[in-house]
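One structure below.
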There are 2 protein chains.
Amino acid sequence: MPREIDRRSARTRKALHQALLELMLRKGYEALSVQDIIDEADVGRSTFYAHYTSKEDLLRSGFHMLREELTEAQSASHARAEASRDDPLRFSAAMFEHAARYADHFRTMIGGRGGAVAENEIRLILSDMVRQELSSTLQDGTIPRDFVVQFVVGAFLTALNWWFERKPKLSPSEVDAMFRSLVLGGLAQMITKERRQAARPAAGRDND
Amino acid sequence: MPREIDRRSARTRKALHQALLELMLRKGYEALSVQDIIDEADVGRSTFYAHYTSKEDLLRSGFHMLREELTEAQSASHARAEASRDDPLRFSAAMFEHAARYADHFRTMIGGRGGAVAENEIRLILSDMVRQELSSTLQDGTIPRDFVVQFVVGAFLTALNWWFERKPKLSPSEVDAMFRSLVLGGLAQMITKERRQAARPAAGRDND
DNA sequence: TATGATAATGGACAGCTTGTTCGGGATTTT
DNA sequence: AAAATCCCGAACAAGCTGTCCATTATCATA
């Protein structure tokens with residue numbers, strides 16, 4: 001019995017995944033048909049359906065593999081990083097770096113091209129990571145854990161998207177700094193407290 | 001010449017919009033076909049294409065109308081609300097109330113059922129509102145305006161989604177309090193190290 | 001290396017959706 | 001009432017979907 005998967009299978013699947021990625025980058029996920037995929041991958045129709053039930057299934061399987069890699073890598077880094085227990089956003093820096101390295105992939109998945117499925121999968125993966133981090137650093141309060149987790153994940157995706165769409169020239173650490181500043185400190189730090197009783201925010205005084 | 005639109009036209013469009021909403025609530029936007037819509041609205045195929053070019057066009061037109069209503073309402077409230085100029089999140093409370101009243105609509109548009117188009121339209125509308133609010137309360141800092149706006153909008157949508165999906169029993173003001181606490185104060189207030197001072201966001205005015 | 005077993009492959013099929021076109025019929029406006 | 005406008009229903013080609021089957025290539029074993 002083939003304990004490992006047949007090489008033919010593996011090759012086909014790899015071709016399909018690659019074709020999907022390429023086409024998503026070119027046309028976007030939603031506008032994509034199975035026909036396009038098998039055409040790009042040079043694979044027969046029935047071959048596709050022998051491996052996956054739909055294009056959504058194909059995409060999901062890709063994320064499934066990615067998820068295993070990431071959780072593995074994270075558990076490893078989790079083991080050796082005991083020092084900064086009071087930082088609930090340990091993941092962000094590494095993730096921004098990762099995103100910069102695989103910019104095409106992330107761009108494809110997160111922007112409008114990614115479709116609802118991709119974004120959802122990403123949310124799930126990130127939610128797990130964030131939940132794990134928050135469990136050790138956050139105290140129980142009036143705000144449910146779930147809510148905080150979703151908040152952090154949403155902010156991260158927002159940051160990533162803004163980065164790619166608006167200021168792709170920024171370095172990962174710069175974006176990370178903004179992200180951390182907003183998520184950790186909130187908006188309060190940016191409000192002009194001195195003007196609360198003043199008449200009008202007329203003269204914008206720059207103080208770096 | 002028809003200064004107003006023909007009643008027949010108006011009736012047909014209304015029927016189409018209503019059918020779209022109904023079907024989105026039932027099956028979700030993505031899984032929807034034009035066939036379904038004209039079937040539900042009891043309208044001929046060619047009639048549909050006489051008014052809209054696609055189901056996306058139909059959805060967009062709905063948001064276009066909504067947008068005009070909202071911006072109008074907001075500019076009105078903007079005119080009479082000069083008191084709390086130091087609150088960058090004036091919109092949230094009213095929006096959560098609005099969402100509670102039209103729960104079905106929001107649920108349909110924002111959750112997974114809404115599709116990418118709906119969420120994008122909503123993001124655009126909210127971005128305008130938030131940008132306008134932030135322009136008067138936020139001072140220039142190291143973090144670009146765009147980034148902050150997207151951050152706030154994302155957090156709001158996250159809150160809304162969490163509310164509907166997880167704790168629909170909560171009142172609008174409760175969710176609003178959580179939202180404000182996180183967005184204004186950030187995560188720092190919830191970290192174990194600094195557990196003593198929390199509970200209240202800086203610019204929060206108690207509403208119950 | 002030869003051979004049977006296994007699994008992937010390609011092409012063909014029916015069913016469905018899409019967007020367009022047309023003339024007859026109904027409703028609104030003048 | 002007459003004219004203008006809009007709705008309707010049907011039919012059309014084109015495209016995609018998911019499933020079938022016989023064929024072919026690859027694997028494990030002797």
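Letters go in sequence order (proteins before strands), and every chain restarts at 1.
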- Message: How many whole angstroms separate atom CD of A:Glu56 from atom C1' of D:dT17?
- Response: 15 Å

- Query: Taking atom C1' of C:dT9 as reference, at what distance in whole Å does atom CG of A:Asp42 sit?
  - Reply: 12 Å

- Message: If you compare every side-chain N and O of A:His51 against the phosphate oxygens of C:dA7 (OP1, OP2), does one of them come in below 4.0 Å?
- Response: no

- Query: So, is A:Tyr49 close to the D:dG18 phosphate, meaning a side-chain N or O under 4.0 Å from OP1 or OP2?
  - Reply: yes

- Provide, to the nearest angstrom, the distance between the OH atom belonging to A:Tyr52 and the P atom belonging to D:dT17. 17 Å

- Note on the structure: Side-chain atoms of B:Arg45 come closest, of D:dC6, D:dT19, C:dT20, to C:dT20

- Length of the CZ-C1' vector between A:Phe48 and D:dC16, whole Å: 13 Å

- Hey, can you tell me if B:Phe156 and B:Phe179 have their rings parallel, tilted or perpendicular (30° and 60° cut-offs)? perpendicular

- Task: Please determine, by modelled atom types, if A:Gln132 and A:Ser135 share a side-chain donor-acceptor pair under 3.5 angstrom.
- Result: no

- Item | Integer-rounded Å distance: D:dC16 C1' and B:Gln35 CD | 15 Å

- Interatomic distance where CG belongs to B:Asp36 and C1' belongs to C:dT17 [whole Å]: 10 Å

- Atom CG of A:Leu58 to atom P of D:dT17: distance rounded to whole Å? 13 Å

- Message: With heavy-atom distances below 4.5 Å as the criterion, would you say the side chains of B:Met178 and B:Leu170 are in contact?
- Response: yes

- Side-chain N or O of B:Thr47 closer than 4.0 Å to phosphate OP1/OP2 of D:dC7: no

- Task: Round to a whole Å and report the spacing from CZ of B:Arg8 to C1' of C:dA26.
- Result: 8 Å

- Matching residue for B:Asp36 among B:Lys55, B:Lys27, B:Arg26 - test: salt bridge (charged side-chain N to carboxylate O under 4.0 Å, His left out): B:Lys27

- Query: Is there a donor in the side chain of A:Arg123 and an acceptor in the side chain of A:Gln150, or the other way round, less than 3.5 Å apart?
  - Reply: no

- Compare side-chain N and O positions of B:Arg7 against OP1 and OP2 of C:dT29 and report whether any pair is under 4.0 Å apart. yes

- Among C:dT18, D:dT17, D:dC6, the one nearest any side-chain atom of B:Ser9 is D:dC6

- Message: Taking only side-chain N and O atoms of B:Ser46, does any of them lie within less than 4.0 angstrom of OP1 or OP2 on C:dT20?
- Response: no

- Select base, sugar-phosphate, or nothing to describe what A:Thr12 touches, counting heavy atoms under 4.0 Å on all strands. sugar-phosphate

